[in-house]
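A short write-up of the structure that comes next.
Note that these values count all heavy atoms, side chains included, but never hydrogens, waters or copies made by symmetry. Predicted model only: the values in this text are computed from it and were never measured. Just so it is clear: chains get the letters A, B, ... in the order the sequence lines come, proteins before strands, and each one is counted from 1.
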Number of protein chains: 2
Amino acid sequence: MATERKATADPARSLALLWRTREPTSRSAGPALSVDRVVRAAIDIADTEGLDALTMRRVAEALGVGTMSVYTYVPGKAELVAVMIDTAYGEMPRPAVEGDWRTRLERIARDNLALYQRHPWMLRAETTRPVLGPHLMAKYDYELAAIVDIGLTDVEVDAVLTLVLGHVKSAARAASEVVDLERETGMTDGQWWQSHAPWLERFMTAGAYPIASRVGTAAGQQHGAAYGPEYAFEFGLQRVLDGISVVVAERAANR
Amino acid sequence: MATERKATADPARSLALLWRTREPTSRSAGPALSVDRVVRAAIDIADTEGLDALTMRRVAEALGVGTMSVYTYVPGKAELVAVMIDTAYGEMPRPAVEGDWRTRLERIARDNLALYQRHPWMLRAETTRPVLGPHLMAKYDYELAAIVDIGLTDVEVDAVLTLVLGHVKSAARAASEVVDLERETGMTDGQWWQSHAPWLERFMTAGAYPIASRVGTAAGQQHGAAYGPEYAFEFGLQRVLDGISVVVAERAANR
DNA sequence: CGCCGGTGCCGTACGTCGTACCGGCAGCGG
DNA sequence: CCGCTGCCGGTACGACGTACGGCACCGGCG
């Protein structure tokens, strides 16, 4: 379990898996399984039942094979997750870029948000060194292409992309936790608050945390709980883009 | 294990724990343990050995008691982690605010970064509904106080803080993963790249991903790997603050 | 003074996980 | 026809969180 995080102990093996360097088997009927079938089954489980439900036994069951057979195609769980991530990147749309840089960057942010909404498990799984699969590379290349020509240095362009994607991930994570916990605890966000509020009031002596109370309730009131994360995403995204345009304008002036 | 994430099944129990609603034992010598001792031991382990090493057995061992004795003070692991998080928030500095809002907000960002550097496990543990302990409330109150008067609505103020703290967390996570993996794999970032690069080159047909290659190597060159995350933090923070100042200026003009 | 209920402590055991190991199987080249 | 190679999977091990029940001790009451 602790070893789930190790991944890529053997670079050759892991990368070969990611890049699918494998001659198709010469067997007549071909094997019952394949890396792709394993990965598809795993993504399916993670999408519909959450990352906690993704166990090797569960994957095998979904494929109708013995547990250990999965290991014929994938060295371990960590590597399986790595391939799942790269596969998910692969299914992102990459239309020709249009509009000014701000429009393009905003589009990229929204596409990434959509990805995380489709595959919320990525938000909890991606916590390792980058996967370095072909689809991640393609995605990185595509996204950089949208902003290479805005007058910043290569290093800055990289930082801009990191910043925007970081914000998307933060916001997506916040949004995902709400629905995650609704499933796991069986209560909606509102119900959860209602069950905690009376106890909280009892512990908090009146008048403590005045600003927190005021702002907190104001925020809670405004967006009726479920829609809070969306506001945070939109507000933050516009602020980030504003901030980027400040440097872009600066550079344009000094040219 | 899946239940680690549940937490707060019983709000009364959990909140009482967080707010330490508990008469001191009337026992003569007093009990050998206490919630605080358990929490301190747990934080110590997580700080020095990582979150994966934090097991109930390990905590008990550090305290010199049987595994199950820990459960006398803490209902379960999820709740233990919650108290750990609130405790960590409690040790943050909260000096009187000084300077203009940008200085204050920047200070808050740096204090939060320092917190995550001291307790990297928080970056992987905080993935649940907010902990709602007294120290989190105090922190939230303190941080809001620094920016309530910059001319934005309460809802916007909340969103500003969320944005800044989100960026800090993103950057801290990136930085933490580097050192995390150095410990777990026993290789430095540079070594890791060197072991992967030849394989990667073999798989990537020359000329694929031209922009990614150029920008990636530029970024890698500039900051010698280990210092990349710091740059990302600084650059992103300034961009975010720039973006916020755009709205602030807007509001000031329209008043 | 003796008994009793409560509190702190903890050994054992169960169910879950990832996965090492090894033995069986089919199909194919020699 | 034989042995080899790649696919399959049963069994088992060592982690993990934690339910359950029992034990030792002590203050307060009769």
Which atoms of nucleotides 3-5 of chain D (N or O only) lie under 3.5 Å from a protein N or O atom, and what are those distances?
none

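Taking the six-membered ring for Trp and thresholds of 30 and 60 degrees, B:Trp19 and A:Tyr209 have ring planes more than 60 degrees apart, a perpendicular arrangement.
One atom, CZ of A:Arg37, and another, C1' of D:dC8, lie 14 Å apart when rounded to the nearest Å. Distance A:Leu54 CG to C:dT16 P: 17 Å, rounded to the nearest Å. To the nearest angstrom, C1' of C:dT19 lies 18 Å from OH of A:Tyr73.
Side chains of A:Asp158 and A:Tyr140: a donor-acceptor N/O pair is present below 3.5 angstrom, by distance only.
Considering only heavy atoms from C-beta on, A:Leu80 comes within 4.5 Å of A:Met56 through its side chain. Using a 4.5 Å heavy-atom threshold, the side chains of A:Arg173 and A:Tyr116 count as separate.
The backbone N or O of A:Asp86 lies less than 3.5 Å from a partner atom in the side chain of A:His135, making a donor-acceptor pair. Side chain of B:Asp141 to backbone of B:Met137: no donor-acceptor contact under 3.5 angstrom is found. Between the side chain of A:Lys77 and the backbone N or O of A:Leu54 there is at least one donor-acceptor pair closer than 3.5 Å. Between the side chain of B:Thr87 and the backbone N or O of B:Val83 there is at least one donor-acceptor pair closer than 3.5 Å.
The side chain of A:Lys77 lies closest to C:dG18, out of C:dG18, D:dT18, D:dC7.
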Practice task
Show the numbers, then the answer: is there a side chain to side chain contact (heavy atoms under 4.5 Å, CB included) between A:Asn112 and A:Lys139?
Solution key: CA-CA 10 Å; A:Asn112 274 275; A:Lys139 171 181 186 284; 3.1 Å; yes
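What you find for B:Leu163 and A:Gly236 is that their closest heavy atoms are CD1-CA, 3.9 Å. Among all heavy-atom pairs drawn from A:Ala208 and A:Ser213, the shortest one is O-OG, 4.0 Å.
Using a 4.0 Å cut-off on heavy atoms, the residues of residues 56-70 of chain B that approach DNA chain C are B:Val65, B:Gly66, B:Met68, B:Ser69, listed by number.
Contact between the side-chain N/O atoms of B:Tyr71 and the OP1/OP2 oxygens of D:dC20 is not found at any separation under 4.0 Å.
Taken over five-pair windows at either terminus, the axes of the helix from C:dC1-D:dG30 to C:dG30-D:dC1 are inclined to one another by 30° (rounded to 10 degrees).
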